[in-house]
Number of protein chains: 2
Amino acid sequence: MSRIKYSPLYLEAKTELIKMIKKGDFKNNKLPPEDKLSEMLGISRSTIREALITLDREGIITKKQGIGNLIHRSTLETKMRIDLIRDFLKLLDDGGYKATVKRIKSGWTDKLTQFDTKIPSSFRDKKYFLIEFLYLANSQPAILAINIIPESVLNTTPQSEEMPFDSFKKYLSFLNKYTDEEISHSISKYAPGKANQTISKILKIKESEPIIKREEFYYGIFDKLLCYSEIFFHPHLISLTMIHKLNQ
Amino acid sequence: MSRIKYSPLYLEAKTELIKMIKKGDFKNNKLPPEDKLSEMLGISRSTIREALITLDREGIITKKQGIGNLIHRSTLETKMRIDLIRDFLKLLDDGGYKATVKRIKSGWTDKLTQFDTKIPSSFRDKKYFLIEFLYLANSQPAILAINIIPESVLNTTPQSEEMPFDSFKKYLSFLNKYTDEEISHSISKYAPGKANQTISKILKIKESEPIIKREEFYYGIFDKLLCYSEIFFHPHLISLTMIHKLNQ
DNA sequence: GAGTGGTCTAGACCACCCC
DNA sequence: GGGTGGTCTAGACCACTCA
């Protein structure tokens with residue numbers, strides 16, 4: 001079997017399985033036994049299992065010892081999953097919107113008083129570099145993201161022409177370039193709030209309308225705090241969805 | 001090496017690794033190479049890797065090809081993670097509270113007008129069984145959970161004495177027993193809202209104070225919708241935290 | 001007891017990172 | 001080029017479910 005190696009076998013198997021599931025190849029919402037799949041796809045059972053474990057983690061299937069691998073159409077159809085999709089353009093796209101983004105502000109600032117967050121003590125610089133993005137869903141304002149990078153983690157002043165990010169990946173590359181530490185993870189907190197005058201104007205909602213705010217702390221692979229972010233989600237356009245596997 | 005088999009090897013390895021990390025056994029926030037760990041713990045590399053992959057998924061470490069397995073203290077210290085902990089008692093406990101729960105209402109109902117949710121069309125019974133739980137953090141009301149089970153999925157009327165749930169696991173057992181389908185996953189949506197009179201009274205917050213509501217749909221292993229749930233989190237006591245691995 | 005997933009191993013070779 | 005994780009295989013045996 002000739003194989004052009006552009007991605008790992010288990011990911012190709014995963015893609016293939018999803019395709020087959022969507023096509024309706026499997027009856028009774030159940031996959032064939034693992035050794036059968038192994039035979040069908042010409043891949044060892046271990047590798048098939050890697051694909052299945054990924055699908056299980058994403059909620060697409062449930063692995064049940066003694067029974068089989070059960071398919072969940074309910075999760076396959078679930079859109080805008082914040083547990084899986086972090087790129088807001090992709091999130092909006094997944095929700096069926098035409099997604100675009102514009103940078104509405106960027107530059108140095110020394111006062112963070114507009115943010116009612118308790119900036120952590122590990123994060124007390126004199127100056128911060130601020131970048132604000134507005135994500136549009138079908139041209140309507142949907143997500144406002146305010147990114148704050150402390151001066152101490154930047155090696156040079158970011159260049160404006162490098163900031164027209166059209167994907168989250170590019171924002172991460174940007175951070176990698178200017179902070180000398182590769183980004184690895186983020187810690188987010190969701191909090192209830194009201195839209196103040198500024199937010200309500202930008203997101204075109206009523207003032208003091210309830211809104212969910214996400215505070216996000218980005219860390220590098222060596223655990224250095226690289227960026228703080230406040231994100232406001234349009235209360236009606238955005239659905240913050242996630243899936244949990246129970247019983248485990 | 002004698003081994004009492006009460007849990008899989010890779011989970012014991014995982015526990016052991018966490019213990020060693022917390023103890024500070026590893027310098028430079030980096031684990032020893034995988035083959036070294038394999039030798040140290042007397043376990044094959046494959047099994048060690050299963051443990052490491054779990055740790056990576058939970059954000060405790062980051063696996064970097066060519067570099068090593070890097071430890072994140074930032075995530076190890078993160079509390080009340082809704083991406084990992086689903087049992088509210090455990091969530092509160094993790095947050096450092098003394099956690100208790102009381103059932104404040106249960107019984108049949110035919111009107112769901114108090115809920116401003118669009119009950120899905122797959123869920124239009126004449127009668128619903130309703131169970132309300134109030135979770136307390138240090139005796140203060142912290143989480144209100146309203147569970148609604150449609151008549152059509154119940155085999156008999158739930159018995160009151162089986163409902164003093166002191167863990168999420170028991171609620172799942174309860175559902176398993178009365179619905180004839182084992183529970184498997186849930187789909188949650190977070191939405192902003194204001195505390196109405198009832199909610200504000202129960203949670204002891206100001207009326208019309210912004211609050212986050214979680215709507216949760218529970219599904220069985222054969223993808224049948226078994227239960228709908230509305231959950232209100234106290235805006236100040238509860239921190240809804242989650243961790244994302246980036247770059248993947 | 002047959003069927004199915006869960007755990008575990010030993011070993012081979014590839015891909016990436018850094019010196 | 002040496003070190004480290006990533007992928008993949010073949011095979012053995014265990015544990016659970018259902019009839």
Side-chain angles (χ1 to χ4, degrees), chain A residues 1-17 26 28-57 61-71 176 180-182 184 220-222 245 247-248, chain B residues 1-17 26 28-57 61-71 176 180-182 184 220-222 245 247-248:
Chain A
M1 188 179 107
S2 76
R3 169 170 129 72
I4 300 139
K5 184 158 193 175
Y6 64 98
S7 87
L9 245 189
Y10 71 90
L11 285 183
E12 288 187 38
K14 184 193 162 197
T15 308
E16 185 61 25
L17 286 170
F26 309 120
N28 301 109
N29 282 328
K30 194 171 156 200
L31 291 176
E34 299 186 346
D35 49 7
K36 195 76 186 292
L37 280 177
S38 163
E39 195 187 311
M40 284 166 61
L41 301 179
I43 298 174
S44 77
R45 186 180 160 220
S46 318
T47 302
I48 289 287
R49 275 182 63 77
E50 278 192 82
L52 293 173
I53 287 166
T54 310
L55 289 173
D56 181 283
R57 216 173 53 224
I61 65 169
T62 289
K63 302 183 75 32
K64 289 296 290 181
Q65 187 171 14
I67 298 181
N69 292 296
L70 304 168
I71 300 166
N176 287 345
D180 294 327
E181 184 168 322
E182 192 183 340
S184 88
I221 51 170
F222 298 113
K245 301 300 298 260
N247 269 336
Q248 32 193 286
Chain B
M1 190 177 107
S2 78
R3 168 169 131 73
I4 300 137
K5 184 156 193 177
Y6 65 100
S7 87
L9 244 189
Y10 71 91
L11 286 183
E12 290 188 37
K14 185 193 162 198
T15 308
E16 185 60 25
L17 286 170
F26 310 121
N28 302 111
N29 281 328
K30 195 173 155 195
L31 290 175
E34 298 186 347
D35 48 8
K36 195 75 186 291
L37 280 176
S38 163
E39 194 187 313
M40 283 166 61
L41 301 179
I43 298 174
S44 77
R45 185 178 160 219
S46 317
T47 302
I48 290 287
R49 275 183 64 77
E50 278 193 81
L52 294 174
I53 287 167
T54 309
L55 289 174
D56 180 284
R57 218 174 52 225
I61 66 168
T62 288
K63 303 183 73 35
K64 290 296 289 182
Q65 188 171 12
I67 297 181
N69 291 297
L70 304 168
I71 300 165
N176 286 346
D180 294 327
E181 183 168 322
E182 191 183 340
S184 89
I221 51 170
F222 298 113
K245 299 300 299 255
N247 267 337
Q248 33 193 285

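Convention: sequence-line order gives letters A, B, ...; per-chain numbering from 1.
- For the pair B:K63 (side chain) and B:R49 (backbone), a donor-acceptor distance under 3.5 Å is absent.
- Atom pair A:K30:NZ and C:dT4:P shows a separation of 7 Å (rounding to whole Å applied).
- Axis angle, first five pairs versus last five pairs of the helix from C:dG1-D:dC18 to C:dC18-D:dG1: 20°, rounded to 10°.
- Distance from the side chain of B:L9 is smallest for C:dT9 among the nucleotides C:dC17, C:dT9, D:dC8.
- Nearest heavy-atom pair across B:F222 and A:L70 is CE2-CD2, 4.0 Å.
- Side-chain atoms of B:P8 lie closest to C:dT7 of the nucleotides C:dG5, C:dT7, D:dG6.
- Phosphate contact (OP1/OP2 of D:dC8, side-chain N/O of A:Y10, threshold under 4.0 Å): absent.
- The only option from A:L41, A:N69, A:D35 that meets the side chain to side chain contact (heavy atoms under 4.5 Å, CB included) definition with A:I48 turns out to be A:L41.
- With sequence neighbours left out, B:E16 forms a salt bridge (charged side-chain N to carboxylate O under 4.0 Å, His left out) with B:K19.
- Rounded to a whole Å, the CD1 atom of A:I53 is 14 Å from the P atom of D:dC8.
- Closest contact between the side chain of A:Q65 and the listed nucleotides D:dA10, D:dT4, D:dC16 involves D:dC16.
- Considering all non-hydrogen atoms of both residues, A:L9 and A:I43 come closest at CD2-CD1, 3.7 Å.
- Put simply, CD on A:E39 is 14 Å from P on C:dG3, counting in whole angstrom units.
- Per the geometry, CZ belonging to B:R49 stands 8 Å off C1' belonging to D:dT7, to the nearest Å.
- Both B:E182 and A:E50 sit near DNA chain D, but only A:E50 has its closest nucleotide nearer the 5' end.
- In this entry the distance linking CG of A:L52 with P of C:dG5 reads 8 Å, nearest Å.
- Looking at every heavy atom in both residues, A:F26 comes nearest to A:L17 through CE1-O, 4.4 Å.
- Using a 4.0 Å cut-off, no side-chain N or O of A:S46 falls inside it from OP1 or OP2 of D:dA10.
- Residue A:N69 has no polar side-chain atom (N or O) positioned under 4.0 Å from OP1 or OP2 of C:dT4.
- In this structure, B:L37 places its CG atom 17 Å from P of D:dG3, rounding to the nearest Å.
- Atoms CG (A:L70) and P (C:dG5) sit 9 Å apart, rounded to a whole Å.
- For A:K63, the side-chain atoms get nearest to C:dG5 when compared with the rest of D:dT4, C:dG5, D:dC8.
- Not a single salt bridge (charged side-chain N to carboxylate O under 4.0 Å, His left out) links B:E50 to another residue, sequence neighbours left out.
- Side chain of B:T15 to main chain of B:L11: a donor-acceptor pair is present (N/O by atom type, distance under 3.5 Å, no hydrogens or angles).
- Among the atoms of the strands shown, none is found under 4.0 Å from any heavy atom of B:D35.
- Comparing C:dT7, C:dA15, C:dA12 against the side chain of B:R45 picks out C:dA12 as the nearest.
- Nearest-nucleotide positions on DNA chain D for A:S44 and A:I67 put A:S44 closer to the 5' end.
- Note: CZ (A:F222) to C1' (C:dC17) measures 11 Å, nearest angstrom.
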